[in-house]
> 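One structure coming up, written as structure tokens, with questions to follow.
Throughout, a chain's letter reflects where its sequence line sits, starting with A, and its residues are numbered from 1. Note that the structure is predicted; figures quoted are calculated from it, not measured. What's counted below: heavy atoms across the whole structure, side chains too, no hydrogens, waters or symmetry copies.
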Amino acid sequence: MDKTYAPHDIESRWYSQWEKQGYFEPKGGDSAYCIMIPPPNVTGSLHMGHAFQDTIMDSLTRYHRMKGHNTLWQAGSDHAGIATQMVVERQLNAEGKTRHDLGREEFVKRIWDWKELSGNTITKQLRRMGTSLDWSRERFTMDEGLSKAVNEVFVKLHEEGLIYRGKRLVNWDPKLHTAVSDLEVISEEEQGHMWHMRYPLADGSSELVVATTRPETLLGDACVAVHPSDERYQHLIGQRVTLPLCDREIPIIADEYVDPEFGTGCVKITPAHDFNDYEVGLRHNMPLINVFTVDARINDDMPEKYQGLDRAKARKQIVQDLDDLGLLVKVEDHKLMIPRGDRSGVIIEPLLTDQWFVKAKPLAEPAIEAVKSGKIKFVPENWDKTYYNWMNDIQDWCISRQIWWGHRIPAWYDEAGNIYVGHSEADVREKNQLPDSLALSQDEDVLDTWFSSALWPFSTLGWPDKTPELDTFYPTSVLVTGFDIIFFWVARMIMMGLKFMDDVPFKEIYIHGLVRDAEGQKMSKSKGNVLDPIDLIDGISLDDLVEKRTKGLMQPKMAAKIEKDTRKHFPEGIPSYGTDALRFTFASLASTGRDIRFDLNRIEGNRNFCNKLWNATRYVLMNTEGEDTGLGNEDCTYSLPDQWIVSRLQQTEASVISSIEKYRFDLAAHSLYEFLWNEYCDWYLELSKPILLDENSSEEQKRGTRQTLIRVLEAVLRLLHPLMPFITEEIWQQIAPLAGKTGNTIMLQAYPTPDESKISADAEADMAWIMEFVMGIRKIRGEMNIPPSKPLTVILDNVSELDQKRLENSGTLISKLARTSSIDSLANGEQAPESATALVGDMKVLIPMAGLINKDEELARLDKEIAKLNNELKRLTGKLSNPKFVDKAPKEVVEKEQEKKQHAESKLQNLSLQREKIASL
RNA sequence: AGGCGCGUAGCUCAGUUGGUUAGAGCGCAUCCUUGACAUGGAUGAGGUCGGUGGUUCGAAUCCACUCGUGCCUACCA
């Protein structure tokens with residue numbers, strides 16, 4: 001093995017073998033375990049959020065596979081309708097064309113071409129992450145089977161009246177020319193204005209002042225509303241005003257919706273361009289006057305002067321004209337929420353159009369019940385509140401999109417405008433007995449991508465056909481996802497699953513945090529702070545990173561700032577850390593928090609951890625290869641350290657398993673790190689040296705230690721494998737035979753399970769004594785700046801029988817680890833030379849100071865310790881002399897405190913005596 | 001406006017049902033090329049757990065209030 005860990009060589013070797021051997025495929029058995037990958041955009045690329053999420057899912061998958069479950073991690077991607085269409089449209093624009101130049105068929109073909117071309121990017125990247133997805137069952141939302149499922153669901157829901165078509169006010173994206181759902185609209189506070197405008201009464205007697213943030217919609221006003229009990233306007237209710245700039249009169253109505261305190265207390269009502277106004281309009285039977293075209297320009301039904309102006313220009317013009325007429329009272333600065341399309345970024349316009357909707361309430365009720373009853377559990381639990389919150393007030397879901405890339409809506413129209421829904425045109429004709437002569441045309445619209453994603457847990461398993469996969473894997477075990485798509489996806493899957501499978505789609509929902517940059521900022525291309533997981537794995541030069549972050553920006557002027565920030569944060573670029581370090585880092589960040597700050601220091605530390613494992617292995621191999629590791633029936637003698645590390649291993653196993661079961665990958669990673677580095681490497685490997693190198697060790701002892709070295713390492717590899725698949729496989733291949741393990745891959749080995757009988761309290765107590773002994777000496781060394789190379793003479797005083805016994809058993813180990821030249825006990829009544837002191841229980845460990853240690857330094861050191869003990873003693877004495885504590889606290893707690901007090905007292909006494917002694921010299 | 005979350009060492013975070021001397025990693029300081037590893041080893045410094053009040057023998061942990069901060073949902077034109 002090489003001296004340093006080089007991830008790249010290792011990682012390139014294993015993945016293709018695993019895949020080729022079919023290790024990722026379910027291998028039968030009774031207890032099924034299944035996770036559906038949240039389908040990424042087929043033409044997208046892997047970002048940190050994916051990498052994090054996929055690490056968790058892969059870890060779970062590998063863990064359960066090793067536990068012997070029939071494990072499936074379903075692979076696949078979605079077609080990301082709007083996003084993908086936009087990309088291809090942009091390509092066309094670059095050629096000076098639009099999709100309309102190509103026509104629908106040609107354009108869709110072009111998107112398929114693009115999908116073929118770029119569709120492998122993300123799956124290749126997923127493979128780099130080591131994900132054990134079953135690629136043999138990879139699905140795509142637009143492939144035949146899934147399209148069939150979409151079709152089936154649409155038709156069924158329509159038959160039941162749960163899908164309907166209607167002219168309704170929807171969120172319209174004037175740039176993309178499509179309706180979008182509520183969820184695809186991002187409302188943010190922006191600085192705007194409030195215009196106060198005069199509307200003269202029709203009889204000329206007076207006027208009203210209305211306040212609005214959208215003066216251009218004045219053209220579509222249907223009425224002016226005031227609060228029914230607003231005394232200022234009582235007399236005007238029922239009268240009419242003349243709508244400025246239009247040749248119309250509109251009524252003044254009373255409606256509770258109006259807040260008399262806000263603005264002027266008079267609201268212009270534009271039912272065709274505002275959701276609230278729409279409701280008011282309905283209540284009062286007001287006409288819907290549409291002002292805009294699909295581009296959000298003023299349409300041809302409006303006064304000629306404004307026709308063709310876009311929203312912003314129209315606003316300017318109208319304000320100007322009002323001002324000219326003396327009808328503009330004032331303009332105030334005003335903060336308001338502006339709705340923008342999450343894809344296009346333009347302001348969303350409420351627009352009256354024909355759309356298809358899913359009636360959500362009837363589907364939501366059982367979905368709420370499924371969580372309430374505990375059939376589905378959120379982890380962490382609190383997320384159920386968010387879910388209920390939204391579900392209880394769910395709105396109908398607009399599912400039609402005016403784009404070309406997606407599942408075409410299976411609805412046909414005849415020339416009279418009748419609608420026929422069915423699986424195909426032929427099906428529609430047959431069902432409705434329509435003559436061939438009747439011309440039918442299919443609905444031009446496609447379905448929201450989330451509509452097909454909602455079916456993912458069963459469509460990928462073959463639904464609507466009855467398949468063995470559905471029987472085996474539905475409901476799936478757990479959904480792993482971010483809280484940002486609870487509404488988009490999670491809720492909808494639950495609704496659809498219950499409706500069509502009559503069962504929940506998953507039993508648990510593990511909600512993880514969102515990956516942010518080291519400053520806590522959300523990573524985004526426009527901010528230029530994205531990290532590409534592949535760059536962390538392979539490394540990237542500074543220049544390449546800058547280039548990557550500044551290329552293809554929406555706002556090219558950001559480039560300079562992004563470059564500056566990037567050069568500041570990554571002066572050396574990014575070194576290669578390898579997949580395992582990245583995965584381990586993600587695991588260690590997976591606590592319960594919502595935000596996950598990704599800091600390069602963490603991944604560096606974990607790369608070092610991989611290196612540590614690598615080098616520990618080298619040591620183990622050096623001592624076991626070609627040696628007897630006790631694979632035969634020869635006797636082994638297990639030393640104290642052997643027993644100790646095996647005992648600690650059992651506890652680590654228990655802790656790792658319980659952490660994974662709770663989705664606490666951070667705790668699992670921590671236990672593993674702690675065990676491997678701080679116990680196995682720092683102590684056990686060091687303790688094995690004296691045994692293996694000592695000529696006096698028996699063959700049985702050496703065999704026992706070699707066996708323990710290799711077996712513990714082998715078990716740790718299996719424990720680690722779900723988190724770090726590559727390095728563990730690489731090492732396992734080399735060491736497994738020495739541990740007596742057979743098999744072609746660590747992937748399919750059994751996950752370790754703790755064996756209670758191997759936990760030894762005695763061994764742990766004995767080892768604790770050794771460690772205290774060694775650390776006591778090291779402490780003196782460290783604080784007195786005695787070089788580690790300098791062997792020390794050690795004298796013991798106040799040695800108990802147990803101390804004596806332990807010393808006899810483990811003296812050589814101690815002398816090796818603490819670098820002592822001799823350890824002698826003081827004979828009864830014998831005087832020790834002036835010494836520095838450490839305590840192991842009541843036993844004094846004395847290091848003669850002569851020529852090594854300065855008297856004042858030792859005094860200072862003792863004073864510090866004594867002060868610490870005094871504080872503790874004071875605290876304990878106070879506590880124990882409080883009768884309330886002694887009476888009311890549980891007996892065990894009191895006893896524990898008394899014990900602590902005794903310890904502190906005797907320690908204090910020992911050190912004080914020692915101090916006096918030295919001070920008197 | 002409602003809902004959810006966060007505030008613990010210089011930084012990033014753990015802290016299980018209230019009972020430790022409040023932990024880890026990184027960073028920092030001192031020492032160390034001992035044959036697994038300088039991507040390393042040894043030792044150390046550093047925290048009145050945002051604040052106030054309460055419950056309790058005992059609070060980082062439970063309750064109330066408060067300050068700061070973040071997110072989500074719904075919104076007043």
> State, without any angle test, whether A:Asp666 and A:Ser588 hold a side-chain donor-acceptor pair at a distance under 3.5 Å.
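There is no such pair (donor and acceptor under 3.5 Å, judged by atom type) between the side chains of A:Asp666 and A:Ser588.
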> How do A:Trp383 and A:Leu693 order along RNA chain B: which one's closest nucleotide is nearer the 5' end?
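Residue closer to the 5' terminus by nearest nucleotide: A:Trp383.
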> Looking just at side-chain N and O atoms, do A:Asp255 and A:His227 make a donor-acceptor pair shorter than 3.5 Å?
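A:Asp255 vs A:His227: no donor-acceptor pair found between side chains.
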> In whole Å, what separates the P atom of B:C63 from that of B:U56?
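These two P atoms come out 16 Å apart once rounded.
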> Could you work out the separation of B:A36 and B:G44 based on their P atoms and round it to a whole Å?
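Comparing P positions in B:A36 and B:G44 gives a spacing of 25 Å.
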> Name the residue from A:Asp682, A:Leu676, A:Asn678 that meets the side-chain contact (heavy atoms from CB on, under 4.5 Å) definition with A:Tyr680.
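Answer after filtering A:Asp682, A:Leu676, A:Asn678: A:Leu676.
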> Is A:Arg875 near enough to B:U21 that one of its side-chain N or O atoms lies under 4.0 angstrom from OP1 or OP2?
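Looking at the OP1 and OP2 atoms of B:U21, one of them is under 4.0 Å from a side-chain N or O of A:Arg875.
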> Taking CG from A:Leu589 and P from B:U12, how many angstroms apart are they, rounded to a whole number?
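Atom CG in A:Leu589 sits about 13 Å away from atom P in B:U12.
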> Assess whether one donor atom and one acceptor atom, taken from the side chain of A:Lys385 and the base of B:C4, lie less than 3.5 Å apart.
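Answer is no: no donor-acceptor pair is held.
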> Can you find a side chain N or O atom of A:Arg597 that sits less than 4.0 Å from OP1 or OP2 on B:C13?
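Result: yes.
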> According to the Watson-Crick and G-U wobble definition with distances under 3.5 Å, which dot-bracket string, read 5' to 3', encodes RNA chain B, using [ ] for crossing pairs and | for pairs with another strand?
((((((((.[[[[.)...(...]]]].(((((.......))))).....[[[[[..)....]]]]])))))))....
> So, OP1 or OP2 of B:U21: does either fall under 4.0 Å of a side-chain N or O from A:Lys900?
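Yes, within the criterion.
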> Let me know the distance between OH of A:Tyr388 and P of B:G3, rounded to the nearest Å.
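The distance from OH of A:Tyr388 to P of B:G3 comes to 17 Å, rounded to the nearest Å.
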> If only side-chain N and O atoms of A:Lys3 are considered, is one of them under 4.0 Å from the OP1 or OP2 phosphate oxygen of B:A38?
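So the side-chain polar atoms of A:Lys3 do come within 4.0 Å of the phosphate oxygens OP1 or OP2 of B:A38, strictly under.
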> Given that A:Val620 and A:Asp666 both sit by RNA chain B, which one's nearest nucleotide is further toward the 5' end?
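Closest to the 5' end, via its nearest nucleotide, is A:Asp666.
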> So, is A:Arg602 near the phosphate of B:C26, with a side-chain N or O under 4.0 Å from OP1 or OP2?
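Result: no.
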> Tell me what A:Lys689 touches on the nucleic acid: a base, only sugar-phosphate, or nothing, going by heavy atoms under 4.0 Å.
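Since a base atom lies under 4.0 Å of A:Lys689, the category is base.
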> How long is the line joining CH2 of A:Trp683 and C1' of B:A36, in whole Å?
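A:Trp683 atom CH2 is separated from B:A36 atom C1' by 18 Å.
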> Take the protein atom CG of A:Asn615 and the nucleotide atom C1' of B:U39, then report the distance between them rounded to whole Å.
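Going from CG in A:Asn615 over to C1' in B:U39 covers 9 Å.
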> For the NZ atom on A:Lys689, are there more than 12 heavy atoms of other groups (residues, nucleotides or ligands in this structure) within a distance under 6.0 Å?
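Count over threshold, so yes.
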> Phosphate oxygens OP1/OP2 of B:C37: is one of them under 4.0 Å from a side-chain N or O of A:Asn608?
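For B:C37, neither OP1 nor OP2 has a side-chain N or O of A:Asn608 closer than 4.0 Å.
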> Side chain of A:Lys612 only, please: which of B:G40, B:G35, B:A14 is the nearest?
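Nearest nucleotide to the side chain: B:G40.
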> Determine the Euclidean distance between corresponding P atoms of B:G10 and B:A45; express it in Å to zero decimal places.
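That atom pair is separated by 15 Å.
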> Once you measure the plane-to-plane angle for A:Phe483 and A:Trp383, does it fall in the parallel (<30°), tilted (30-60°) or perpendicular (>60°) bin?
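If you compare the ring of A:Phe483 with that of A:Trp383, the planes turn out parallel.
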> For A:Glu188 and B:C71, give me the distance from atom CD to atom C1', rounded to whole Å.
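In whole Å, B:C71 C1' lies 12 Å from A:Glu188 CD.
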> Check whether any side-chain N or O of A:His670 sits under 4.0 Å from OP1 or OP2 of B:G23, and answer yes or no.
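Looking at the OP1 and OP2 atoms of B:G23, neither is under 4.0 Å from any side-chain N or O of A:His670.
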> What is the nucleic acid contact for A:His227, judged by heavy atoms within less than 4.0 Å: base, sugar-phosphate only, or nothing?
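Touches nothing.
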> Determine whether A:Asp230 and A:Arg232 satisfy the following criterion, salt bridge (charged side-chain N to carboxylate O under 4.0 Å, His left out), listing intermediate values before the conclusion.
CA-CA 6 Å; A:Asp230 191 334; A:Arg232 294 171 295 177; 2.8 Å; yes
> For A:Pro883, answer base if it contacts any base atom (sugar-phosphate contacts may also be present), sugar-phosphate if it contacts only those atoms, and nothing otherwise; contact means non-hydrogen atoms under 4.0 Å.
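No contact at all - A:Pro883 keeps every heavy atom at 4.0 Å or more from the nucleic acid.
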> Could you tell me how the ring of A:Phe378 sits relative to the ring of A:Tyr387: parallel (under 30°), tilted (30 to 60°) or perpendicular (over 60°)?
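Tilted, since the angle between the ring planes falls between 30° and 60°.
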> Within this structure, what is the NZ-OG1 distance for the pair A:Lys335 and A:Thr213, rounded to the nearest 0.5 Å?
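One gets 15.5 Å once the value is rounded to the nearest 0.5 Å.
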> How far does the C1' atom of B:G68 sit from the matching atom of B:C62, given to the nearest Å?
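Going atom to atom, C1' in each nucleotide, I get 23 Å.
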> Please classify the nucleic acid contact of A:Trp195 as base, sugar-phosphate, or nothing, using heavy-atom distances under 4.0 Å.
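Contact class for A:Trp195: none.
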> Distance check, C1' atoms only: B:A77 and B:G53, in whole angstrom units.
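One C1' to the other, the span is 44 Å.
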> Go through the steps to decide whether A:Lys896 and A:Glu899 satisfy the test salt bridge (charged side-chain N to carboxylate O under 4.0 Å, His left out), and finish with yes or no.
CA-CA 5 Å; A:Lys896 212 166 133 196; A:Glu899 210 174 297; over 6 Å; no
> Could you check whether A:Thr213 gets within reach of a base, just the sugar-phosphate, or nothing at all, counting any heavy atom under 4.0 Å?
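Result for A:Thr213 = sugar-phosphate.
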> Classify the nucleic acid contact of A:Phe487 as base, sugar-phosphate or nothing, counting any heavy atom under 4.0 Å across all strands shown.
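If one applies the 4.0 Å heavy-atom cut-off, A:Phe487 turns out to touch the sugar-phosphate alone, with no base involved.
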> Does B:C57 have its OP1 or OP2 closer than 4.0 Å to a side-chain nitrogen or oxygen of A:Lys888?
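For B:C57, OP1/OP2 do have a side-chain N/O of A:Lys888 under 4.0 Å.
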> Any side-chain N or O of A:Arg664 under 4.0 Å from OP1/OP2 of B:G15?
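Checking B:G15 against A:Arg664, a side-chain N or O does come within under 4.0 Å of OP1 or OP2.
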> When all nucleic acid strands are considered with a 4.0 Å heavy-atom cut-off, which category describes A:Cys681: base, sugar-phosphate, or nothing?
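Base contact.
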> Could you tell me the separation between the CH2 atom of A:Trp489 and the P atom of B:C72, rounded to a whole number of Å?
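Roughly 20 Å, once rounded to whole Å.
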> Considering only B:U39, B:A77, B:A36, which nucleotide approaches the side chain of A:Thr212 most closely?
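Per side-chain heavy atoms of A:Thr212, the pick is B:A77.
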> Please measure how far the C1' atom in B:G41 lies from the corresponding atom in B:A22, and state the result in whole Å.
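My reading of the C1' atoms in B:G41 and B:A22 gives 27 Å.
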> Within the structure shown, what part of the strands sits under 4.0 Å from A:Asp259 by heavy-atom distance: base, sugar-phosphate, or nothing?
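Base contact.
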> Closest to the A:Lys884 side chain: B:C57, B:C37, B:G19?
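Taking heavy atoms from C-beta onward, the closest nucleotide is B:C57.
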> Considering only the C1' atoms, how many Å lie between B:A29 and B:A9, rounded to the nearest integer?
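Rounded to whole Å, the distance is 15 Å.
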> So, is A:Lys879 near the phosphate of B:G19, with a side-chain N or O under 4.0 Å from OP1 or OP2?
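Result: no.
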> Indicate whether the side chain of A:Asn389 and that of A:Asp393 have a donor and an acceptor atom separated by less than 3.5 Å.
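Judged by distance alone, the side chains do not pair up.
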> Rounded off to whole Å, could you give me the NE2-to-P distance for the A:His903 and B:U21 pair?
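Interatomic distance, NE2 of A:His903 to P of B:U21: 13 Å.
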> Give me, pair by pair, the N or O atoms of the protein and of nucleotides 42-47 of chain B that are less than 3.5 Å apart, along with how far apart they are.
none

> Check the angle between the aromatic planes of A:Phe586 and A:Phe52 and answer parallel, tilted or perpendicular using the 30° and 60° thresholds.
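Tilted.
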> Does OP1 or OP2 of B:C32 have a side-chain N or O of A:Ser789 closer than 4.0 Å?
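Answer is no, no contact under 4.0 Å.
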> Considering only the C1' atoms, how many Å lie between B:G15 and B:G47, rounded to the nearest integer?
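One C1' to the other, the span is 14 Å.
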> Output the rounded distance in Å from CG (A:Leu685) to P (B:G35).
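From A:Leu685 CG to B:G35 P: 15 Å.
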> Closer than 4.0 angstrom, basic N to acidic O: yes or no for A:Lys779 and A:Glu865?
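Looking at A:Glu865 together with A:Lys779, the answer is yes, because their closest N to O distance falls below 4.0 Å.
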> With distance as the sole criterion, is a donor-acceptor pair present between the side chains of A:Glu184 and A:Ser181 under 3.5 Å?
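Short answer, yes.
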> For a quick check under 3.5 Å, do A:Ser688 and A:Tyr619 share a side-chain donor-acceptor pair by atom type?
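The criterion, which ignores hydrogens and geometry beyond distance, is satisfied for A:Tyr619 and A:Ser688.
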> Go through the N and O atoms of the side chain of A:Glu686 and the base of B:A36, and report whether any donor-acceptor pair is under 3.5 Å.
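Yes.
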